[in-house]
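The figures here come from the full heavy-atom set of this structure, side chains too, leaving out hydrogens, waters and symmetry mates. Both counts, for ligands and for their atoms, begin at 1 and track the order of listing.
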Amino acid sequence: MDLISGLDEEAQTNSQAPWDKFDAKDYFSHNYRTLREDDRQILAAVRDHFGALLAASGATGLHGLDLGAGTNLYPALAMLPWCSAITLFERAPKNVDWLRSEIQQYGTNWDEFWQVLTEHQAYQGVADPRARLKSAADVRPGDLFTELPEGGADIGTMFFVAESLSTSYTEYRGAIDHFARALRPGAPFAVAFMENSVGYEVGTHTFPACKVGQSDVIDSLQGYADSDLTVSRIDVPGQPLRPGYTGMLLALGRMRD
Ligand SMILES: C[S@@+](CC[C@H](N)C(=O)[O-])C[C@H]1O[C@@H](n2cnc3c(N)ncnc32)[C@H](O)[C@@H]1O
């Protein structure tokens, strides 16, 4: 039996889920008020991935995309040294409001996330990450299935979105397709997933998920990614974030030229 009862019996497409009731404050408090060990491992791996691909290239002025940003600023922070613009694309209205407010002067909770990033030299050159994020970030409300521009982003992230927006595997694949098409050839990317998620609660509402494992992630990305794509598993460290998942998955790569 699933840990969140009924979710697997009740299919829910992306357009059926209650995004207008997604409680941004509850989601932020539960997930990002402090840095969890699994997020720390993901952040360090993304830092090293972007650092390895970009630090020596001298790239600046890139356009970053964080798709389905929610109330998570760490994917955007991971792109910050190379970006003059970062689009935070998001469907849920309360998350859009939260992002617009948070980027003005982000909270002190994000300092320990930034601290992890500064263990790579590339991040040490950003003297004032709060000011940099404020000037770079552009919050765009929209539905990734119908409103996401194609081909405009030089670097991209999508964290816990493709598998966490619907029970449908077709929509999971569709979200990956739209993310990939939003990036330019050669663009470095990082995509994170909840492994085998059966859905999640935010405030008093339940949101759908599609159960995916490592092979699903490889299948969905390998047609778009260069041959150096990696997909790694992060075990649940001690206390799980919530019931109903078996770990996290992280795909790192760059788009095929
Ligand atoms: C589980 S949350 C992940 C949020 C954040 N990226 C994180 O790392 O915590 C899923 C996010 O996907 C967003 N989302 C769901 N459907 C979407 C769609 N069709 N277009 C854009 N964003 C969508 C939700 O509003 C929510 O912010």
Asker: Using a 3.5 Å distance criterion without hydrogens, assess whether the side chain of H49 forms a donor-acceptor pair with backbone atoms of F189.
Answerer: yes
Asker: Counting heavy atoms only, which of Y27, F22, W98 comes nearest to atom 3 (C) of ligand 1?
Answerer: Y27
Asker: Check the surroundings of atom CZ in R173: do more than 12 heavy atoms from other residues, nucleotides or ligands lie under 6.0 Å from it?
Answerer: yes
Asker: Using a strict cut-off of 4.0 Å, indicate which atoms of ligand 1 neighbour a heavy atom of N72.
Answerer: 5 (C), 7 (C), 8 (O), 9 (O)
Asker: Let me confirm one number: the CG-CE distance from D39 to M248, rounded to the nearest 0.5 Å.
Answerer: 5.0 Å
Asker: Looking at Q104, I'd like to know if its CD atom is crowded, meaning that more than 12 non-hydrogen atoms belonging to other residues, nucleotides or ligands lie closer than 6.0 Å.
Answerer: yes
Asker: Of the backbone atoms (N, CA, C, O) and the side-chain heavy atoms from C-beta on, which set of L144 has a member under 4.0 Å from an atom of ligand 1: side chain, backbone, both, or neither?
Answerer: both
Asker: For a side-chain contact (heavy atoms from CB on, under 4.5 Å) check, start with the C-alpha distance between L65 and M79, then their side-chain angles and the critical distance, and finish with the verdict.
Answerer: CA-CA 9 Å; L65 167 69; M79 295 188 275; 5.8 Å; no
Asker: Would you confirm whether E171, through its side chain, and S166, through its main-chain N or O, come within 3.5 Å as a donor-acceptor pair?
Answerer: no
Asker: Record the part of D143 in heavy-atom contact with ligand 1 below 4.0 Å; permitted values are side chain, backbone, both and neither.
Answerer: both
Asker: Does the gap between the ring centers of H178 and F145 come in under 6.0 Å?
Answerer: yes
Asker: Does ligand 1 have a heavy atom under 4.0 Å from the side chain of F207, from its backbone, from both, or from neither?
Answerer: neither
Asker: Nearest 0.5 angstrom please: I155 CD1 to L80 CG, how far?
Answerer: 10.5 Å
Asker: Between the side chain of R47 and the main-chain N/O of V116, is any donor-acceptor distance below 3.5 Å?
Answerer: yes
Asker: Mark up the atoms of ligand 1 that fall under 4.0 Å of a heavy atom belonging to Y32, in ascending order.
Answerer: 7 (C), 8 (O), 9 (O)
Asker: What atoms in ligand 1 come closer than 4.0 Å to a heavy atom of G142?
Answerer: 20 (N), 21 (C)
Asker: Say whether, by atom type as modelled, one donor and one acceptor occur between the side chain of E163 and the main chain of M194 under 3.5 angstrom.
Answerer: yes
Asker: Please indicate whether any nitrogen or oxygen in G68 is less than 3.5 Å from any nitrogen or oxygen in ligand 1.
Answerer: yes
Asker: Would N31 count as a contact of ligand 1 if the rule is a heavy atom under 4.0 Å away?
Answerer: no
Asker: In ligand 1, which numbered atoms sit nearer than 4.0 Å to a non-hydrogen atom of N95?
Answerer: 25 (O), 26 (C), 27 (O)
Asker: Is A17 in contact with ligand 1, taking contact as a heavy-atom separation below 4.0 Å?
Answerer: no
Asker: Report the part of A69 in contact with ligand 1, treating N, CA, C, O as backbone and CB onward as side chain, heavy atoms under 4.0 Å; options are side chain, backbone, both, neither.
Answerer: backbone
Asker: What are the atoms of ligand 1, with element, lying closer than 4.0 Å to any heavy atom of A92?
Answerer: 25 (O)
Asker: Is it the case that ligand 1 has an N or O less than 3.5 angstrom from some N or O of T71?
Answerer: no
Asker: If we only count N/O pairs under 3.5 Å, is S164 in contact with ligand 1?
Answerer: no
Asker: Is F159 close to ligand 1, meaning an N/O of one under 3.5 Å from an N/O of the other?
Answerer: yes
